[in-house]
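Have a look at the structure below before the remarks.
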Amino acid sequence: MTEHSTGRAPLGARDAEYRETSALDLRSGATVDPPAPPVHATTQIEPGQVPPPRAAAPETPVLRDVETHLDEILAAVPQPEPIELAVLDAQGLLCAEEVVSARALPSFDQAALDGYAVRAEDVAGAAPDAPVELAVVGETAAGAAGPSALAPGQAHKVAAGAMLPAGADVVVPAVWTDGGVVRVQVHAPVEPGGWVRRAGDDVSPGTAAVHVGTPIGPAQISLLAAVGRDRVQVRPRPRVAVLSAGSELVDITATPTPGQVVDVNTYALAAAARDAGASAYRWGILPTERRRLTEVLESQLLRSDLVLIAGTHTAEGDLVQEVLAELGPMRFRQVTMHPGPVQGFGRLGRDEVPVICVPGEPVAALVSFEVFVRPAIRSMLGKRQLFRRTVQAICAGRLLSPLGYRQYLHGQVMRHPDGGYVVEPLGDGDEAMLARMARANCLIVVDEDVTEVAEGGLVTVMPLLLGG
């Protein structure tokens, strides 16, 4: 066992090869005895006493690392074609077109704040102890047309956003004056162009107002409305169907009897998919009758951009796995991660829809979502940042981790009073506790080659921020 107390390799960094060990079988995680030496002696065997050949042992699932499995998923998920939506419905999505403005913003010269429109040369010598006095010839509110021209020695009172009269090239802030109505005293000079928004200063006609790939938020919606766009092309939210497999499952409205378990995965995973930006549909518990099961899976492949199933496994005779294999190439593999090493992926149906299968244990299902499904959804959305940002934190407790497996532990991360972060593990990773998971605000990531993290050691932490 190796101790890791002062630092660790960055997330995703891997050694060229795992450490040699003769006492650990990484396929099963169990200790094994060393192989017996070969026997070269021969023994005479009478005819008819030759023992029958042994049955072939079942094939052991091939181990693959987290990155390889994730890369396969990311390479296969499609990016749906852009669609046109009303600007408010486009909030949170990525713009899929160059929005070129046919208008100038602003469309006329206007005051940037409340004050007096004047000529810069008329107030060039103004000072607090020697104010310049000008005649006030009118007042204009925002939305009203201003006078045609401003003569030398004159001022025009304007509100923020009001049109400037011709000849005025500055606006004197009202607080720099005595607020006069007939005549006004100006106590400070203003440089030419000061406090004026010129036509086209913000956006000129023929230039892009919103670029391809820009996330559409309140500011972008404001700009789209300003240039006259009530609809915009965006990358749509991927349609994700969420299903659970397991004869022991009952719906949330039922009272489970001994041996039965409430289906929490379709609720949790649908919520996680929505938080990642998808349009998630919770189908519920898969039927256990083959014909009906096939109908359900085929219908979800027709209506979805991605299908997510919790609870399938590699056991021989698993009906869901058999039906999935009939719909296309579906492979289940042992991934070097804990919890949830059994993962499945394939592209099924006529349209080769991606299907991701995660473990049925709820903690493992949500960890698997974070590692594999969330990046896939963000890729389908066209996001540049597919993964949650990570930070280094001081571990507040000792951690143990299986050699050869990347472990994801729930924890609570907080700012350290002296700077940086400190994280407190919630459990040791061997117990699947929903209440502990609900209290967590991060995942602690322990790399494959680390078997122990001492209290006070550094660990990589993935904050689980909603929408982050």
Spell out, as yes or no, whether a donor-acceptor pair under 3.5 Å connects the side chain of Asp114 to the backbone of Ala160.
yes
Is the shortest side-chain heavy-atom distance between Phe369 and Ile356 below 4.5 Å?
no
If we ignore angles and hydrogens, is there a donor and acceptor under 3.5 Å between the side chains of Arg436 and His410?
no
Is the side chain of Asp305 donor-acceptor paired with the backbone N or O of Pro78 at a distance under 3.5 Å, no angle test?
no
Minimum side-chain heavy-atom gap Val367-Met337 below 4.5 Å:
yes
So does Arg333 pair up with Glu72, basic N to acidic O under 4.0 Å?
yes
Are any side-chain N or O atoms of Arg274 and backbone N or O atoms of Ala280, one a donor and one an acceptor, separated by less than 3.5 Å?
yes
What's the separation between atom CG in Leu458 and atom SG in Cys395, rounded to the nearest 0.5 Å?
9.5 Å
Within a radius of less than 6.0 Å around CH2 of Trp195, do more than 12 heavy atoms belonging to other residues, nucleotides or ligands occur?
no
Could you check whether any side-chain heavy atom of Thr460 comes within less than 4.5 Å of a side-chain heavy atom of Gln392, counting everything from C-beta outward?
yes
Ser368 (side chain) donor-acceptor with Ala364 (main chain) under 3.5 angstrom
yes
Test salt bridge (charged side-chain N to carboxylate O under 4.0 Å, His left out), reference Arg398, set Glu455, Glu424, Glu452, output is Glu452
Straight-line distance of Leu293 CG to Thr288 OG1, nearest 0.5 Å
8.5 Å
Taking side chain as C-beta onward, heavy atoms only, is Val363 less than 4.5 Å from Tyr408?
no
Between Ser304 (side chain only) and Gln300 (backbone N and O only), is there a donor and an acceptor less than 3.5 Å apart?
yes
Between the main-chain N or O of Gly360 and the side-chain N or O of Asn265, is there a donor-acceptor pair closer than 3.5 Å?
yes
Looking at CD1 of Ile285 and CG of Leu249, how far apart are the two atoms once the value is rounded to the nearest 0.5 Å?
5.0 Å
Donor-acceptor check, side chain of Asp447 to backbone of Asp449, threshold 3.5 angstrom: yes or no?
no
Using a 6.0 Å distance limit plus a 45 degree cone around the ring axis, check whether Arg239 lies over the aromatic ring of Tyr281.
no
Main-chain N/O of Gln385 paired to Arg378 side chain as donor or acceptor, under 3.5 Å:
yes
